Amino acid sequence: MKKVALLIGILALICSCSAPKATSYSYSEYKTISPSQSVYTAPLMADLVVAKERITYAERINQNITKLTDAEVDALATREKETVIANAIKANNADVLVAPMVNITTDTNKNLVIVVTGYPATYQNFRNATENDQWIIEKATAEKEDNGKKSSPIAEIFKKKDKK
């Protein structure tokens with residue numbers, strides 16, 4: 001009888017311990033659109049209009065890192081960095097952030113503080129590619145195929161333009 005009472009007591013203790021429930025959730029993601037291999041698309045061109053002023057955007061991650069392992073802190077910082085970049089883009093009504101720089105530190109409470117700086121930019125003037133845009137498409141295709149070589153794509157573009 002003592003064993004049964006002990007077993008019931010242990011089961012009651014185990015059942016009474018439940019994992020804490022999340023009270024809220026938020027998610028943001030930024031991805032470039034890539035057509036799948038089964039879809040052929042006509043080349044599309046757009047102008048990237050970059051703001052003249054660099055913006056700074058910061059968020060504090062309210063989780064004390066002293067309770068985490070180094071690997072957990074790295075994973076948290078990596079995951080949250082992407083979210084903060086997406087939030088910076090959203091807060092500035094931009095499509096992308098040009099030359100983003102990320103600085104991650106801790107505050108006095110040992111919470112991560114992520115600061116993103118960069119130039120917000122938007123895509124404008126979408127149009128179908130023309131024959132005049134062919135050199136850009138060829139350059140982009142060559143860079144994708146030859147991603148192992150170290151060359152300056154900007155220098156190559158200007159060399160190509162000068163020859164015309």
Side-chain angles (χ1 to χ4, degrees), residues 19-130 132-133 135-158 160-161:
K21 305 288 185 208
T23 57
S24 67
Y25 179 78
S26 178
Y27 178 80
S28 293
E29 187 170 333
Y30 169 75
K31 287 187 174 184
T32 57
I33 298 173
S34 300
S36 68
Q37 292 179 352
S38 63
V39 175
Y40 294 97
T41 61
L44 185 66
M45 305 301 287
D47 298 329
L48 184 63
V49 179
V50 182
K52 293 179 180 170
E53 297 292 320
R54 180 182 292 267
I55 58 102
T56 299
Y57 181 87
E59 286 187 17
R60 181 171 17 119
I61 310 307
N62 293 319
Q63 183 169 355
N64 188 320
I65 64 166
T66 59
K67 300 174 183 177
L68 303 175
T69 66
D70 288 347
E72 290 171 330
V73 172
D74 286 341
L76 175 67
T78 300
R79 182 179 66 246
E80 294 297 332
K81 172 184 73 169
E82 297 301 323
T83 301
V84 174
I85 291 171
N87 289 344
I89 290 169
K90 190 185 320 181
N92 287 278
N93 296 320
D95 295 319
V96 295
L97 197 59
V98 175
M101 188 180 335
V102 179
N103 187 25
I104 302 175
T105 58
T106 53
D107 63 10
T108 56
N109 295 325
K110 302 301 181 192
N111 295 312
L112 292 180
V113 176
I114 302 175
V115 179
V116 176
T117 59
Y119 295 90
T122 57
Y123 291 107
Q124 295 180 1
N125 303 322
F126 287 90
R127 66 189 187 288
N128 288 329
T130 65
N132 292 336
D133 299 317
W135 66 274
I136 298 171
I137 297 166
E138 289 172 358
K139 178 66 181 156
T141 303
E143 284 179 19
K144 280 185 180 179
E145 292 171 356
D146 192 26
N147 60 9
K149 287 189 178 177
K150 298 202 185 234
S151 63
S152 169
I154 300 298
E156 294 297 321
I157 288 173
F158 285 114
K160 185 78 172 182
K161 271 186 122 174

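Remember, it's a predicted structure, so these values are computed and weren't measured experimentally.
From Glu59, atom CD reaches atom CD of Glu80 across 8.0 Å, with rounding to the nearest 0.5 Å. Atom CG of residue Leu97 and atom OG1 of residue Thr117 lie 8.0 Å apart, to the nearest 0.5 angstrom. The distance from atom CD1 of Ile114 to atom CG of Leu76, rounded to the nearest 0.5 Å, is 7.0 Å.
Other residues, nucleotides and ligands contribute more than 12 heavy atoms inside 6.0 Å of the CG atom of Asn62. A 6.0 Å sphere centred on CZ of Arg127 holds more than 12 heavy atoms belonging to other residues, nucleotides or ligands.
Leu48 is listed as a side-chain neighbour of Val98, based on a closest heavy-atom distance under 4.5 Å. Taking 4.5 Å as the limit, some side-chain heavy atom of Val96 sits within range of a side-chain heavy atom of Tyr123.
The backbone N or O of Thr66 sits less than 3.5 Å from a side-chain atom of Asn64, completing a donor-acceptor pair. Checked by atom type and distance alone, the side chain of Asp47 never pairs as donor or acceptor with a backbone atom of Val49 at under 3.5 Å. Listed for the Asn128 side chain is no donor-acceptor partner under 3.5 Å among the backbone atoms of Leu44. Here the side chain of Asn92 pairs no donor or acceptor atom with the backbone of Pro120 at under 3.5 angstrom.
Of all heavy-atom pairs between Tyr119 and Arg54, the closest is CE1-NH2, 3.3 Å. In terms of heavy atoms, Ile61 sits closest to Asn111 at O-CB, 3.2 Å.
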Please evaluate residues Leu112 and Thr106 with respect to the criterion side chain to side chain contact (heavy atoms under 4.5 Å, CB included), reporting the C-alpha separation (whole Å), side-chain torsions for both, the decisive distance (0.1 Å), and the verdict. CA-CA 5 Å; Leu112 292 180; Thr106 53; 4.0 Å; yes
